[in-house]
Chemist: 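Okay, here's the structure, questions in a sec.
Being a predicted model, the structure only gives us computed values, none of them experimental.
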Amino acid sequence: MKQVNLGPNEVGAASVILGCMRITEAADPVKVIDTAMANGINFFDHADIYGGGKCEEIFAKAFKETGYHRDEIFLQSKCGIVPGVMFDFSKEHIISSVEGILKRLNVDYLDSLLLHRPDTLMEPEEVAAAFDQLESDGKVRYFGVSNQYSRQIQLLQKYVRQPLIINQLQFGVMHTGMVDFGLHVNMTDEASFDHDDGILEFSRLNDMTIQAWSPYQYGFFEGVFIGNEKFPELNLKLSEMAEKYGTTPTGIASAWILRHPANMQVIAGTMTPSRIEEIAKASDIQLSREDWYSIYLAAGNILP
């Protein structure tokens with residue numbers, strides 16, 4: 001399993017993360033965790049809203065049955081969303097959320113905590129106080145954000161003592177906005193518009209690891225593009241590359257993300273053991289520059 005370094009302190013972590021949003025009792029979670037661990041995926045991503053907290057409980061029960069130890073894995077969770085009501089980055093909400101997360105996961109600490117989407121009513125001093133308390137109490141080791149652009153991060157970092165080392169952003173073969181903008185500098189076509197405040201370059205400049213979520217989806221949860229008849233040219237190219245590199249189209253779509261030098265991780269949300277294996281193995285694939293661009297173009301993008 002290829003490793004990446006998180007943040008300026010270069011914390012080592014697996015390049016593939018197992019996202020636990022879809023974990024259920026019916027999915028045989030013990031086998032899911034065993035398969036991930038056997039293939040070098042020891043990084044597990046949660047959020048307090050996944051399954052209304054049930055996903056964390058299911059994971060905790062299954063993890064105990066596997067016989068692995070807490071110090072063998074990297075546990076991450078997110079907080080800040082009150083579904084259908086508001087976003088809440090108050091100190092009280094962050095602290096209480098982490099207490100609930102730890103209880104449901106049946107652990108004493110999180111390796112990383114992310115603030116889940118921006119809260120426009122955020123008072124950064126409160127976030128800083130919450131992070132200081134969680135760190136001093138030994139309940140969270142590292143901190144980051146999710147779906148935030150550069151100036152939001154800069155505002156928060158002005159007050160927060162701990163480095164923000166992670167940002168979860170949607171990125172994949174069919175969701176390339178932050179790459180398009182950088183390729184279309186000084187142009188006036190649609191791809192030249194910067195929707196993300198230069199977040200890709202900002203992340204590289206500030207040693208923030210981008211965790212790519214929904215890497216196999218197109219649009220906003222419209223569906224999976226792999227094997228989808230809507231994208232014949234792309235799927236032909238993915239199949240061609242899969243044969244060339246001895247993997248699957250899913251493996252190539254994963255390797256495409258990991259080929260970028262921005263120190264990214266792929267969040268694989270599948271609960272199917274065979275897909276977990278193929279995504280894990282793809283972490284060792286190094287696409288050539290020409291092959292990376294050929295996939296980008298097959299996805300319907302253009303180069304100026």
Chemist: Would you check if the side chain of Glu243 reaches a backbone N or O of Glu240 as a donor-acceptor pair within less than 3.5 Å?
Modeler: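 Between the backbone of Glu240 and the side chain of Glu243 there is no qualifying donor-acceptor contact (under 3.5 Å).
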Chemist: Give a yes or no on whether the backbone of Lys230 and the side-chain of Asn228 come within a donor-acceptor separation of less than 3.5 Å.
Modeler: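 Yes, because the side chain of Asn228 sits within donor-acceptor range (under 3.5 Å) of the backbone of Lys230.
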Chemist: Decide whether Ile94 and Val85 are clustered together by the hydrophobic rule: side chain heavy atoms of Ile, Leu, Val, Met, Phe, Trp, Tyr closer than 4.5 Å, transitively.
Modeler: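 No: no chain of side-chain contacts under 4.5 Å links Ile94 to Val85.
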Chemist: How many angstroms lie between CE in Met1 and CZ in Phe43, if you round to the nearest 0.5 Å?
Modeler: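 Met1 atom CE to Phe43 atom CZ measures 12.0 Å (nearest 0.5 Å).
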Chemist: Taking the inter-plane angle between the rings of Phe131 and Phe143 on a 0 to 90° scale, is it parallel (under 30°), tilted (30 to 60°) or perpendicular (over 60°)?
Modeler: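 Plane angle under 30°, so parallel.
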Chemist: Does the Arg70 side chain pair with the main chain of Tyr109, one donor and one acceptor, at a distance under 3.5 Å?
Modeler: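 Between the backbone of Tyr109 and the side chain of Arg70 there is a qualifying donor-acceptor contact (under 3.5 Å).
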Chemist: Any sub-3.5 Å donor-acceptor pair from Asp197's side-chain atoms to Ile199's backbone N or O?
Modeler: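 No, the answer is negative, given that no donor and acceptor are paired below the 3.5 Å cut-off.
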Chemist: Enter the distance from Met178:CE to Ile210:CD1 here, rounded to the nearest 0.5 Å.
Modeler: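 Answer for the CE-CD1 pair, Met178 versus Ile210, is 4.0 Å.
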Chemist: Check whether any side-chain heavy atom of Tyr216 lies under 4.5 Å from a side-chain heavy atom of Arg275, and answer yes or no.
Modeler: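 They are in contact (side-chain heavy atoms under 4.5 Å apart), so the answer is yes.
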Chemist: Is it true that Asp180 and Tyr296 share a donor-acceptor pair across their side chains at a distance under 3.5 Å?
Modeler: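 Result is yes, a qualifying pair exists.
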Chemist: Please tell me if the side chains of Asn301 and Leu183 come closer than 4.5 Å, counting only heavy atoms from C-beta onward.
Modeler: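 The answer is no, as the side chains (C-beta and beyond) never meet within the 4.5 Å cut-off.
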Chemist: State yes or no: do Leu205 and Leu169 share one hydrophobic cluster built from I, L, V, M, F, W and Y residues joined by side-chain heavy-atom distances below 4.5 Å, directly or via other members?
Modeler: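 Different clusters: Leu205 never reaches Leu169 through Ile, Leu, Val, Met, Phe, Trp or Tyr contacts under 4.5 Å.
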Chemist: Give the minimum heavy-atom separation between Phe89 and Val127, together with the two atoms involved.
Modeler: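 Here Phe89 and Val127 meet closest at O-CG2, 3.5 Å.
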Chemist: Taking the side chain as everything from C-beta on, heavy atoms only, tell me whether Asp132 gets closer than 4.5 Å to Leu134.
Modeler: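 Asp132 vs Leu134: side chains apart.
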Chemist: Taking all atoms of both residues into account, what is the closest heavy-atom pair of Met174 and Gln217, and its distance?
Modeler: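 In terms of heavy atoms, the two residues are closest at CB-O, 4.0 Å.
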Chemist: In plain terms, say whether Arg259 and Asp291 are close enough for a salt bridge, that is, a side-chain N and a carboxylate O under 4.0 Å apart.
Modeler: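 No, no charged N to carboxylate O under 4.0 Å.
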Chemist: What is the distance from atom CD of Gln265 to atom CG of Asp45, rounded to the nearest 0.5 Å?
Modeler: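 The distance works out to 9.5 Å.
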Chemist: Flag the pair Ile166 / Gln76 as yes when at least one side-chain heavy-atom distance between them is below 4.5 Å, and no otherwise.
Modeler: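 Result yes, sub-4.5 Å side-chain heavy-atom pair found.
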Chemist: For the atom pair NZ (Lys91) and CD (Glu126), what is the distance rounded to the nearest 0.5 Å?
Modeler: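 Separation between the atoms: 8.5 Å.
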Chemist: Is a donor on one side and an acceptor on the other found under 3.5 Å between the side chain of Asp48 and the backbone of Gly53?
Modeler: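 No, Asp48 side chain to Gly53 backbone: no donor-acceptor pair under 3.5 Å.
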Chemist: How about Asn263 and Thr209: does a side-chain donor come under 3.5 Å of a side-chain acceptor?
Modeler: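 Per modelled atom types, Asn263 and Thr209 side chains form a pair under 3.5 Å.
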Chemist: Is there a donor-acceptor pair closer than 3.5 Å between any side-chain N or O of His195 and the backbone N or O of Phe181?
Modeler: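 A pair under 3.5 Å: no.
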Chemist: Decide, yes or no, whether a salt bridge links Lys281 with Glu278 under the criterion of side-chain N to carboxylate O below 4.0 Å.
Modeler: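 Answer for the salt bridge query: no.
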Chemist: Looking at every non-hydrogen atom in both residues, tell me the closest pair between Gly219 and Gln170 and how far apart they are.
Modeler: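 Shortest heavy-atom contact: O-NE2, 3.4 Å.
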Chemist: Does a side-chain heavy-atom distance below 4.5 Å link Ile23 with Met271?
Modeler: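 They are in side-chain contact.
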Chemist: Give the ring-plane orientation class for Phe63 versus Phe59, where under 30° counts as parallel, over 60° as perpendicular and anything between as tilted.
Modeler: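 Phe63 and Phe59: parallel rings.
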Chemist: Answer yes or no: is there a donor N or O on one side and an acceptor on the other, between the side chain of Asn9 and the main chain of Val11, under 3.5 Å?
Modeler: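 Checking the backbone N and O of Val11 against the side chain of Asn9, no donor-acceptor pair under 3.5 Å is found.
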Chemist: Would Tyr50 end up clustered with Phe44 when hydrophobic side chains under 4.5 Å apart are linked, directly or stepwise?
Modeler: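 Each belongs to a different hydrophobic cluster.
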Chemist: Hydrogens and angles aside, do Asn42 and Tyr68 bring a side-chain donor and acceptor to less than 3.5 Å of each other?
Modeler: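 Absent: no donor and acceptor within the cut-off.
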Chemist: So, Asn167 side chain and Asn147 main chain: donor-acceptor pair closer than 3.5 Å or not?
Modeler: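 Yes; judged by distance alone, with no hydrogens or angles, the pair exists.
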Chemist: Does any part of the side chain of Ile279, heavy atoms only, come nearer than 4.5 Å to the side chain of Ile41, both counted from C-beta?
Modeler: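 A side-chain contact is absent here, since even the closest heavy-atom pair is not under 4.5 Å.
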Chemist: How far does CD1 of Ile101 sit from NE2 of His46, to the nearest 0.5 angstrom?
Modeler: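 Answer rounded to 0.5 Å: 10.0 Å.
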Chemist: For the atom pair CD (Glu277) and OG (Ser274), what is the distance rounded to the nearest 0.5 Å?
Modeler: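 It is 7.0 Å, given to the nearest 0.5 Å.
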Chemist: For the pair Phe171 and His260, name the ring-plane relationship: parallel under 30°, tilted 30 to 60°, perpendicular over 60°.
Modeler: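 If you compare the ring of Phe171 with that of His260, the planes turn out perpendicular.
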Chemist: Indicate the atoms forming the closest heavy-atom contact of Phe87 with Pro118, along with that distance.
Modeler: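 The answer is CD1-O, 3.0 Å.
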Chemist: How close do Ser283 and Ser15 get, heavy atom to heavy atom, and via which atoms?
Modeler: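 Heavy atoms only, the tightest pair is CB-OG, 3.5 Å.
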Chemist: Quick check: closest heavy atoms across Gln154 and Phe202, and the distance to 0.1 Å?
Modeler: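 That closest heavy-atom pairing would be CG-CE1, 3.5 Å.
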Chemist: Any heavy-atom pair between the side chains of Phe225 and Pro249 that's under 4.5 Å?
Modeler: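 The answer is no; the side chains never approach within 4.5 Å.
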Chemist: Does any non-hydrogen side-chain atom of Ser77 lie less than 4.5 Å from one of Glu56?
Modeler: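 Result yes, sub-4.5 Å side-chain heavy-atom pair found.
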Chemist: Please evaluate residues Asp111 and Arg141 with respect to the criterion salt bridge (charged side-chain N to carboxylate O under 4.0 Å, His left out), reporting the C-alpha separation (whole Å), side-chain torsions for both, the decisive distance (0.1 Å), and the verdict.
Modeler: CA-CA 5 Å; Asp111 290 288; Arg141 298 175 65 195; 2.8 Å; yes
Chemist: Do Val32 and Val266 share a hydrophobic cluster (ILVMFWY, side-chain heavy atoms under 4.5 Å, transitive)?
Modeler: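 Same hydrophobic cluster.
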Chemist: Determine whether Val145 and Leu114 fall in the same hydrophobic cluster, where Ile, Leu, Val, Met, Phe, Trp and Tyr are linked whenever their side-chain heavy atoms lie under 4.5 Å apart.
Modeler: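 No, separate clusters.
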Chemist: Using modelled atom types and a 3.5 Å cut-off, is there a donor and acceptor pairing between side-chain atoms of Gln157 and backbone atoms of Leu164?
Modeler: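 Present.
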Chemist: Any sub-3.5 Å donor-acceptor pair from Lys2's side-chain atoms to Leu258's backbone N or O?
Modeler: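 Pair found, side chain donor or acceptor close to backbone of Leu258.
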